[in-house]
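Okay, structure first, notes after.
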Amino acid sequence: MIVVMHPDSSDGHVGHIVELLHRGGADGFVVPGRKQKTVEVLGQTAGLDRSMLANMPMVERILDEGDPILAAGREPGDSTFEVPLGNGATIGGNKIGIIAGPCSVESLDQILETARGVKEAGAVALRGGAFKPRTSPYTFQGHGEHGLEMLARAREETGLAIVTEVMRCDHVELVAQYADVLQVGSRNMHHTHLLAAVGEQNKPVLLKRGWGATLQEFLLAAEYIMLQGNGNVILCERGIRTYETYVRNTLALAVVPEIKRVSRLPIIVDPSHGTGRAHLVTPMSYAAIACGADGLIIEVHNNPRSAWTDASQALDLEQFRTLAGGAGAFAQVCHRTL
Ligand code: PEP
Ligand code: MN
């Protein structure tokens with residue numbers, strides 16, 4: 001059982017609830033929230049009078065166990081949160097935002113040429129990994145801070161917002177100095193300390209779904225960030241692992257309208273990691289827009305054949321222009337703009 005306190009409740013009100021729980025033979029664990037505190041009821045609940053608790057001053061509601069989504073939850077009539085990217089663009093409003101760029105930042109020429117190309121085609125933000133989460137420790141791990149500096153140069157030149165991944169708690173402040181949006185990757189979706197650390201920053205967070213995570217686990221990971229006071233969370237569906245082998249991951253697009261139903265957080269789709277194959281990226285981008293995605297994140301490289309990481313899923317600039325050019329029609333059908 002979880003007691004959700006009213007946003008205006010004082011420590012005294014919360015203390016009184018904990019006292020009542022003790023008298024009923026249970027314990028209370030107080031979780032300080034961004035908007036409101038909650039009290040998890042621990043131990044024996046048989047001796048508790050639920051309706052008495054529900055009627056105590058400043059108790060908003062009583063929830064049963066079952067992993068509630070509080071900070072990100074959607075009530076009927078609520079609109080999606082509109083997350084500012086720092087350069088005037090937003091994700092979550094009527095306009096669909098496209099984030100594009102290479103898997104990894106390789107060189108200044110590579111990132112600048114790619115940034116200019118994606119900007120011209122209509123992207124609102126530049127992606128690029130400076131710290132790379134690689135499956136093998138024997139492969140390129142990213143240029144680190146030097147990669148962040150190159151991204152900052154690309155922002156200076158193009159005005160694109162910078163989206164880049166942070167993997168370690170002790171790197172959060174460094175990455176936040178350069179990035180406009182902090183990306184938490186699929187491998188780290190369950191890293192609750194990292195989630196809390198990015199939640200303490202005043203930069204938006206792009207949270208990618210763990211490839212083995214359920215929708216509920218995905219939303220609860222977002223709650224970890226929001227509880228620290230950072231409500232600017234953008235969810236990203238990037239495919240889940242199944243038995244299928246013709247794609248790198250299975251892009252679970254049904255999550256998009258389902259998240260729209262239960263959560264106020266915007267959700268974007270990554271068809272690059274979601275398929276692993278360049279020729280599937282454009283059709284799946286259009287499918288993502290058709291099912292209600294608030295944006296896309298696409299891997300684009302000025303010369304995909306020479307890409308150091310994820311070459312098989314990278315679009316070249318011409319392919320990206322074609323994708324972006326065709327996306328408007330799908331957006332229009334969904335009463336959105338690009
Ligand atoms: C990425 O976007 O660079 C990345 C590593 O993706 P994911 O975390 O989804 O695997
Ligand atoms: Mn990649």
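Please read all numbers here as calculations on a predicted model, not as lab measurements. Whatever order the structure lists them in is the order used to number ligands and atoms, beginning at 1.
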- When you measure from atom 4 (C) of ligand 1 to every protein heavy atom, which one gives the shortest distance, and what is it?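 Here the nearest protein heavy atom works out to His273 NE2, 3.5 Å.
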- Query: To which protein heavy atom is atom 6 (O) of ligand 1 closest, and what is the distance rounded to 0.1 Å?
  - Reply: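 Protein heavy atom at minimum distance: Lys208 NZ, 3.0 Å.
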- Query: Any luck finding a side-chain donor-acceptor pair between Asp49 and Ser51 under 3.5 Å?
  - Reply: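 Distance-only check passes for Asp49 and Ser51.
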Close-contact set for ligand 1 against [X] heavy atoms, below 4.0 Å:
{"X": "Arg187", "answer": "10 (O)"}
{"X": "Arg238", "answer": "7 (P), 9 (O), 10 (O)"}
{"X": "Gly185", "answer": "8 (O)"}
{"X": "Pro133", "answer": "5 (C)"}

- For the Mn ion (ligand 2), find the closest N/O/S atom on Asp310 and give its atom name.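 Checking each N, O and S atom of Asp310, the shortest distance to the Mn ion (ligand 2) belongs to OD2.
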I need the minimum non-hydrogen distance between [X] and [Y], along with the two atoms involved.
{"X": "Leu194", "Y": "Met167", "result": "CD2-O, 3.7 Å"}
{"X": "Asn232", "Y": "Val83", "result": "CB-CG1, 3.7 Å"}
{"X": "Gly28", "Y": "Val18", "result": "O-CG1, 4.4 Å"}

- Query: So which of Val163, Ile162, Leu160 actually passes side-chain contact (heavy atoms from CB on, under 4.5 Å) with Leu151?
  - Reply: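 Filter result, single survivor: Ile162.
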- Applying side-chain contact (heavy atoms from CB on, under 4.5 Å) between Val256 and each of Val269, Ile289, Asp294, report the one that passes.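 Exactly one candidate clears the test, Val269.
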- Query: Which value, rounded to 10°, describes the OE2(Glu299)-the Mn ion (ligand 2)-NE2(His273) angle?
  - Reply: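 Value, to the nearest 10 degrees: 90°.
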- Listed by chain and number, what are the side-chain hydrogen bond (donor to acceptor under 3.5 Å, both in side chains) partners of Thr158, not counting sequence neighbours?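 For Thr158, no residue satisfies side-chain hydrogen bond (donor to acceptor under 3.5 Å, both in side chains) once neighbours in sequence are set aside.
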Is the shortest N/O to N/O distance between [X] and ligand 1 below 3.5 Å?
{"X": "Lys132", "value": "yes"}
{"X": "Gln183", "value": "yes"}
{"X": "Trp211", "value": "no"}

- Query: Looking at His279, Arg277, His273, which hits side chain to side chain donor-acceptor pair (under 3.5 Å) with Gln313?
  - Reply: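 Among the candidates, only His273 passes.
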- Heavy atom of Arg127, distance to ligand 1 below 4.0 Å: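 The answer is yes, since Arg127 has a heavy atom less than 4.0 Å from ligand 1.
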- Message: Would you say the rings of Trp308 and His301 are close, in the sense that their centroids are separated by under 6.0 Å?
- Response: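 Ring-ring flag for His301/Trp308: false, centres at least 6.0 Å apart.
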- Task: Could you check which of Gly128, Pro102, Ser186 puts a non-hydrogen atom nearest to atom 8 (O) of ligand 1?
- Result: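 The nearest heavy atom belongs to Ser186.
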